[in-house]
Each structure stands twice: as C-alpha cells, then as structure tokens.
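Just follow the structure's listing: the first ligand is 1, and inside any ligand the first atom is 1.
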Amino acid sequence: MNFNKVLDNVPIYEAGKPIELVVREYGVNPKDIIKLASNENPYGTSPKVVSKIKEIVQSMSVYPDDSMYELKEALANKFDVESSNIIIGSGSDQILEFCVHAKCDKNSKVLMSKTTFAMYEIYGKQAGSTIIKTEDGEHNLKQFSSMYKEYGADIIFLCLPNNPLGECLDRDDVYAFLETINKDTLVIIDGAYQEYGAFKDEKKRINPKELINSFPNCIYLGTFSKAYALGGMRVGYGIAQEDIIKTLYKLRAPFNITTLTLAAAIEALKDEEFVQDCIAKNFEEMKRYEQYAREKGFDYIDSYTNFITLKFASLYSSKKVAQELLERGLIVRDLTGYGINAIRITIGSNDQNTKVFKLLDEVLEKLK
Ligand SMILES: *Cc1c(COP(=O)(O)O)cnc(C)c1O
C-alpha cells in the first residue's frame, strides 16, 4: 500500500523498555526489576493524588470537562498568566506535535541541538520539514546562531535542561539569543525538567510569564510526567501568547485529557511539598552517581535533571553494559543510537541506586 511519502523518512520512537518485557525475555522476578530508563519519579505518585483518584473512579460514563477549567485555572495561578495563555495536552509531547503541525510543512526548517529529545526530529519529519542540527550534542548557542543565520528556521527547539544529556543553558544566555531571533520563528522552550534545573541553580530558571511577555514568539512547555510523578496519566501544558494558543487549539481533538488525568494534575499541583521533597532527594542521590563515576574513572555530564549520563569513552561499550544490566533486571537507556558511547540512568530511590551500583560493579567486572 502507498502511504504519505514523508513517512518514509520518519523513524519510530523507541520508548524505554517496559518491566513486562524483562520478565518475559529474561525471566527476572518482577519484584526485582528496576526501571530507570524513562526519567519517571522513583518515589511514586503523591499519596494525596492517589486518594483523590480512588475517590472519583466509580463512574466514568461522562466525558471530561473539555474546557479543563479547573486545571487551567490552577496553572494560571501557579504561573501568574491567564487561562487563555494555556493549552493542555496528553503529555507535553502532544503539544510539541501541535506546534510542529501548526508551523511546518515540507518547505519548513526545524533547528535543534544534535543530541536532544528524539520527538523533535520525528514530528519535524512527519511534517516533511528539513531538520537542521548543531554540531555539538550539548546545546551551544553560538552554533544555534550561526546555523540560524545560514539557514533560517521556522521552529527552534531548546530543551532546558536537555534530555538525554542533562546539561542546561543559563536563562540570561537564552534571552540574549532570543533577542536575535525573527518574530516569525516559533521558539519552543521544552521545560520537562525545569523543576529540577531551577532547584539546582537559579540561573537556569525560566519564568514562563516573563518569557512570553518578552518574546511573544516563544512557547513554554511543562509536563506532569517527571517531577510531578504522573507519567502514567499523560498530561502536560503549553504557555504562550493567546494567538499561538488559539492556533494550537485548531489541531486539538476534543476530550484529549481524561477525567482521571485532569483530577490527578489538579491534585498534584496542590502538593508542591511532595514535588520539592522528591527533587531534593534526587540531587542527594545524584552525588552518589558522580562519586561512583569518579571512582570508576569515567566521565559524566553535570546534570540539572533527574537522570545522569555516564560516558564510557573507550573503556566499555555502552550497548553491552546496557544489555548486561537488562538481563539482570535493571533497565537503563543506551545512547548508542544517539551516536555516543554512554548510558543514561534515571536517578532512583536510595535502595534502587544501591542496587544499581552493585549491578554495575558486576557488569563492569565482567566486561573488563
Ligand atoms: C519526558 C519529556 C517530555 C514530555 O513527556 P510527556 O510525558 O509527553 O509530557 C518532553 N520533553 C522532554 C525533553 C522529555 O524528556
């Protein structure tokens, strides 16, 4: 059968392997499997959110509130913007998709860092657009500027902090860069890990209101999947000037967020203490990974997120390390597909991390 030709160039996104697969393929007891491949919150969902969901779960016969009034109000309050500046998506991924389809076609250009969130390229290619990447993996604004001057771009993606590497640009540098960008270029600031970056270093914090008021061609994206511990609920948001939001709405199907998801997100916003506590623990635990890497003599990228990228240089093959770990029930992300010999590990809970180091010791010894 013939399909839309642009799809010939679209790779299929490979999600982190699910626990069920490791049980099936390697016979590991589900209790012993540790999944640190998708940057989920290892401390589970806030108990307040869980009890709220249990309370409302009885009947699901009625469609959700498609205006999403309550969640938008809560977000508008949190960020001191208007509800009309907000769109809610089934994950912030869906809003990324809306943005690309709102702006791009086969004559468009999309600019991004060489090693960044894989979905940017996938959505760009779905639209048939040309993908332009900087030479460095980590965000390098000098390179962004020179590529922008040379080729132009309809969309620029900035992932702050960046997944899968973990680095983060300073806000002031981002703002100086944005000053030089044409107002018809949509700049997408992906803040999936902003809560972590801003916690670690104030210089990384992007205030969405300040951003969109100073740069009306920007959209800020946030998600409940990471720090807010709702990966299974699928909910994220975009904050932008009203004209952008209105256009994105044209691409949205009705009821794109479930009743349970809306309730979970609203409740999660009421429990900021849970979120801040998880983030604090995250960076305490991250120190153990840094220490471990130093002891073993391999490099890591200073991370502003809830994961760390360990680079093996010529010491080990990251692909082999990831496979050996998988067979022992530990799921991590091999970055070979991104062209680097490194693994990305989500920072787990204290117990999980202790097991990670034990398994890594075992695997590194075997592969030496
Ligand atoms: C996780 C992630 C997202 C969005 O995840 P959703 O679950 O779709 O909200 C967006 N960008 C980056 C860089 C991510 O890591």
Residues [X] and [Y] bridged, charged N to O under 4.0 Å:
X	Y	value
E202	R171	no
D184	K103	yes
E324	K366	yes

Is ligand 1 under 4.0 Å from a heavy atom in the side chain of A192, in the backbone, in both, or in neither?
side chain

Taking 4.0 Å as the limit for heavy-atom contacts, which would you say applies to F224 with ligand 1: side chain only, backbone only, both, or neither?
neither

What about the rings of [X] and [Y], do their centers lie closer together than 6.0 Å?
X	Y	result
Y249	F98	no
F79	Y237	yes
Y292	Y300	no

Are there more than 12 heavy atoms of other residues, nucleotides or ligands under 6.0 Å from atom CD of Q291?
yes

Atom NZ of residue position K183 - does it have more than 12 heavy atoms of other residues, nucleotides or ligands inside 6.0 Å?
yes

Check ligand 1 against [X] and write out every atom of the ligand that is under 4.0 Å from a heavy-atom position of the residue.
X	value
N163	13 (C), 14 (C), 15 (O)
G91	6 (P), 8 (O), 9 (O)
D93	8 (O)
C159	13 (C)
R234	6 (P), 7 (O), 8 (O)

Does an N or O anywhere in [X] fall below 3.5 Å from an N or O of ligand 1?
X	answer
S225	yes
S90	no
Y120	no

Report the nearest protein non-hydrogen atom to [atom]: residue, atom name, distance rounded to 0.1 Å.
atom	value
atom 11 (N) of ligand 1	D190 OD2, 2.6 Å
atom 2 (C) of ligand 1	K226 NZ, 2.5 Å
atom 4 (C) of ligand 1	S92 OG, 3.1 Å

Among the heavy atoms of M119, does any lie under 4.0 Å from an atom of ligand 1?
no

Check against ring-ring contact (aromatic ring centres under 6.0 Å, His included), F307 and Y193
CA-CA 10 Å; F307 58 81; Y193 303 93; 5.3 Å; yes

